[in-house]
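One structure below.
Just so we're on the same page: letters track the sequence lines, and every chain starts at 1. All values reported here derive from a predicted model rather than from experimental measurement. In what follows, every heavy atom counts, from backbone to side chain, and hydrogens, waters and symmetry copies are set aside.
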Amino acid sequence: MSDQKRLFLVDAYALIFRGYYAFIKNPRINSKGEDTSAIMGFMNSLLDVIKRERPDHLAVCFDKGGSADRVEMFEAYKANRDETPEGIKTAVPHICKILEAMHIPIMVKEGYEADDVIGTLSRQAEKEGYKTFMVTPDKDFAQLVTENIFMYRPVFGGGYETWGIPEVQKKFEVTDPMQVIDFLGMMGDSSDNIPGLPGVGEKTAKKFIAQYGSMENLLANTHELKGKMKEKIEAAKDLGMLSKKLATIMLDVPVTFNAKDFELEQPDTEKVVAIFQDLEFRRLTDNFLKTFSVEAEVSASNPSDNATGKPEVKTTPKAQGAAGEGQFSLFGGDPSEAIEHTPEHVRKTAENTSHFYQSVAPGIGTKLFLKNVMAQTSVCFDTETTGLNPLTAELVGIAFSWEVGKGFYLPFPENRDEAQELIEQLRPFFENEAIEKVGQNLKYDIKVLAKYNIEVKGKLFDTMLAHYLINADMRHNMDVLAETYLNYTPISIEALIGKKGKNQLSMRSVALEKQTEYAVEDADITLQLKEHFQNELGEANTQKLFDDIEIPLLRVLAAMELEGINLDETFLNSLSEQLDKDIKTLETTIYTAAGEAFNIASPKQLGDILFDKMKLVDKPKKTKTGQYATGEDILSYLAKDHDIIQHILEFRALSKLKSTYIDALPTQIEPLTGRVHTDYMQTVAATGRLSSNNPNLQNIPIRTERGRQVRKAFIPRNEDYILLAADYSQIELRIIAALSKEENMINAFKNGEDIHASTASKVFNVPLDEVTREQRSNAKTVNFGIIYGVSAFGLSNQTDLSRSEAKELIDTYYATYPKLRGYISQQVDFARDNGYVQTVLGRRRYLKDINSRNAVVRGAAERNAVNAPIQGSAADIIKIAMINIYNKLQDGQYKTKMLLQVHDELVFDVYKPELETIKTLVKTEMENAYKLDVPLDVDLGTGADWLEAH
DNA sequence: GCTGGACCTTA
DNA sequence: GTAAGGTCCAGCA
């Protein structure tokens, strides 16, 4: 280093914040209960700088009162920043006292930020021949760098890096450090609320700097830009210039660099040590004395050994194992490089958020916990198990939380009997009607506990269901919700048990401390989400839907899933054998016709054979990826001319049947129960419908003769039972008739007419008994088209009609049912005005694209606006029916069980002696679930299998 | 082993 | 034209 004098200017708040957040997972709290993390963090780094660099001149700069100028320019400036944490506010007076005792000058100017003070002082010092080092992690300072002014930047892993001109040039891809201002102005800085140019991030900003050099030059040449970018930037020129101003550090603060005042002197050791001892800093006292080359003479009453007299810090065992006091290097101790002086933009995790998660020891610990938990009115819980199948999953532990940031974890013994003993102790909690149970996807936990013969009673709050009602179009898994609403990234399950598949571990094999951290975090987060969603439910006016529909339905679904359905495996196996033969025969026929063997199931290979080799058509249609399209609609068009196509279609149909249903279903039989247990998803369909998976029992074939054989495999539990299928007749058309108040349609339903025939009769102007099959079929297509948001194009694709015939049919249709047209446009208008549509029960679907400039996108949103309330209202109604029927079956202690729901159909396993009662019960409840201006009609069928019941 | 596309099943 | 889930292939790792 040259003999040039060196000045160090410390950006106080940046280091205080960084220090505070570095200790966040293990805050330093002394015996008086003071949080001293920020003080310790700051002092550690200050001493570190002094020890390393031995500066001749040093000052610490603070902000005061914010930047009046910048706020005047832009009122949102730094408005994003959260309230300064309490631990920092209380730290500042202590730090000032220490600095005074150390004889280090504090530079602060009312109405200016530390950046401006440091900038001004560094320029003044430069003129007097000093080298200045700005001690800060904040990248904004890079604009101040000159030949004699450097950034002295703490880096991850400990130590510092010095940024001179070459480093800044490289880092920001600029030629002159002053261009950092343009760079920041372009990309903006969300932490300081510098808006930046719209659509410009780091990459684009660098590109613009390279190309135009400055904000001014870019804005003067926007005509060279293209497309959306051009529009956006041209519209935001003022914003660009404002952003640049906001990003500019001021160099004319009324402060004076007086070399004499800034000289680093010997501190008032006694005073400093007194303050440190008062704060209970032992290691730091040592460190301080060593730094200033004074004999370490620490009194015997304050041993420097941090193993004794360590302040009581309440955190998890894991967090307690973290860096000990004094050994902690502020910049090396925390893996979160993102921690700068803008902590509100740092994603929170268990690592940097204070929490108190404790595992509960057996015996007295459990007793104490029980006493505690029973005294609560609302508790969040989350079960940890050995797997995802609730029927076979064993409890590994249960996490509980009823206070934000705190929670307990009850590990379960592997031995089943011992586990049962433990859960028995919890029975009074779970079966307590007065304690609300909160959870994420409670259906799972309820099912797991049911296998331990535990019923979860009392009010329920499921955060996943809550969010589904708040915005059904989003995803609702806990990790996403935590990140969206709490700015918190939970520990991933993969971090614990590995990626799924090959070597995934069981939760059982994870160390207890990790189980605790993970499980209690989930409960804690879920509790926090609950507090968040509780208010939003009221705002969205969906509280009733939550309390009266989705939450009660959760228990109904859990029961249906646990029940499962009996499957005739032998029958499916024999079907499989027949199919296998037929498929093989078809294969041979196809290969012969094609002249070679190939994989018929590969659309790519099939397309090549049909259209390249055999040249069945002149201009084959291609898919969007450039392959030949071989979908059902295209092939069946060719089928009448080419036998091979007929065979291929049959091959397709049979293979699908075999692989998706006949061979797949038996593998889904749960060995434990001998039955098939589907999983109903309550939060995936945007309209409010359920969905079913593993296996999907809502798409079992019915249309073709061979397909519907699969339904014969669904049978009652034994010969004392019979299957009952109850389905709503035309529920969606009834709903649209009622909602639109279209009397012609309402009357047809009231008169019990066949609605499609009735429509055909009116549209084609023929007597009802003279309607042809084709006319009825076309009328049926239009009826459905209306529900889906009809267009002439879609209709002509769906029928044998031409585009103009289709258009004419639609026009006649609207003339027949005049109020339907009005209803449809009214729905679309409502969506445009409100951004959402809703069902009869107020279930909302938000349609963000309803005002899109893109006609295709907007058209899709408009069809949603029509369809969602209809499909969703039908879903609402059958949900009500399910809840009411379930409750009646429970109350009446019937042996009959509800097994399946297929959107407009319910399937029951009916105890034969109860059949007549149940038939009446089911029909009554379904038809009276919701009162419309149109009667609801339910068809019942019974049989020894699902096909026969139809 | 995972992912996207094509295809097919239901209401 | 609405709403879903499952299987297979093919391309990529």
Give one of base, sugar-phosphate or nothing for [X], where a contact means two heavy atoms less than 4.0 Å apart.
X: Asn696(A); value: sugar-phosphate
X: Gly785(A); value: base
X: Ile702(A); value: sugar-phosphate
X: Glu632(A); value: sugar-phosphate
X: Val866(A); value: nothing
X: Ile700(A); value: sugar-phosphate
X: Ala874(A); value: nothing
X: Ala664(A); value: sugar-phosphate
X: Ala860(A); value: nothing
X: Gln627(A); value: nothing
X: Thr781(A); value: base
X: Arg708(A); value: nothing

Taking only the side-chain nitrogens and oxygens of [X], find out if one of them lies under 4.0 Å from OP1 or OP2 of [N].
X: Asn864(A); N: dA3(C); value: yes
X: Thr687(A); N: dT2(C); value: no
X: Thr630(A); N: dC7(B); value: yes
X: Arg863(A); N: dT2(C); value: yes
X: Arg703(A); N: dT10(B); value: yes
X: Arg652(A); N: dC8(B); value: yes
X: Asn693(A); N: dA4(C); value: no
X: Thr623(A); N: dA6(B); value: yes
X: Asn694(A); N: dG6(C); value: yes
X: Ser659(A); N: dT7(C); value: no

Given atom [atom1] of [X] and atom [atom2] of [N], what is their separation to the nearest angstrom?
X: Lys658(A); N: dC8(B); atom1: NZ; atom2: P; answer: 18 Å
X: Asp608(A); N: dC9(C); atom1: CG; atom2: C1'; answer: 13 Å
X: Arg706(A); N: dT9(B); atom1: CZ; atom2: C1'; answer: 17 Å
X: Tyr661(A); N: dG5(C); atom1: OH; atom2: P; answer: 13 Å
X: Ile731(A); N: dA3(C); atom1: CD1; atom2: C1'; answer: 15 Å
X: Ile735(A); N: dA11(B); atom1: CD1; atom2: P; answer: 16 Å
X: Leu606(A); N: dA10(C); atom1: CG; atom2: P; answer: 11 Å
X: His903(A); N: dT2(C); atom1: NE2; atom2: P; answer: 16 Å

Considering only side-chain heavy atoms of [X], which listed nucleotide, [options], is closest?
X: Gln871(A); options: dA4(C), dG1(C), dT2(C); value: dT2(C)
X: Ser602(A); options: dT9(B), dC8(C), dA10(C); value: dA10(C)
X: Pro701(A); options: dG5(C), dT7(C), dT9(B); value: dT9(B)
X: Lys656(A); options: dC8(B), dA11(B), dA3(C); value: dC8(B)
X: Lys604(A); options: dC9(C), dG5(C), dG11(C); value: dG11(C)
X: Gln605(A); options: dA10(C), dC7(B), dG1(C); value: dA10(C)
X: Thr660(A); options: dT10(B), dC9(C), dG6(C); value: dG6(C)

* Asked: What class does the angle between the rings of Trp946(A) and Phe714(A) fall in, given that below 30° is parallel, 30 to 60° is tilted and above 60° is perpendicular?
  -> perpendicular
* To do: Assess the pair Phe784(A) and His756(A): is the distance between their ring centroids shorter than 6.0 Å?
  => yes
* Asked: Yes or no on side chain to side chain donor-acceptor pair (under 3.5 Å) for Glu670(A) and Asn389(A), after CA distance, side-chain angles and deciding distance?
  -> CA-CA 10 Å; Glu670(A) 170 56 48; Asn389(A) 179 354; 3.0 Å; yes
Indicate yes or no: does [X] engage [Y] in a salt bridge with an N to O separation below 4.0 Å.
X: Arg845(A); Y: Asp473(A); result: yes
X: Asp909(A); Y: Arg675(A); result: yes
X: Glu650(A); Y: Arg706(A); result: no

* Asked: Do Lys622(A)'s NZ or CZ and the ring of Tyr628(A) fall within the cation-pi criteria of under 6.0 Å and 45°?
  ->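 Cation-pi check for Lys622(A) and Tyr628(A): passes.
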* Could you note down all residue pairs passing ring pair (Phe, Tyr, Trp, His ring centres under 6.0 Å) where residues 807-826 of chain A supplies at least one of them, sequence neighbours left out? =>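 Listed by first then second residue: Tyr813(A)-Tyr817(A).
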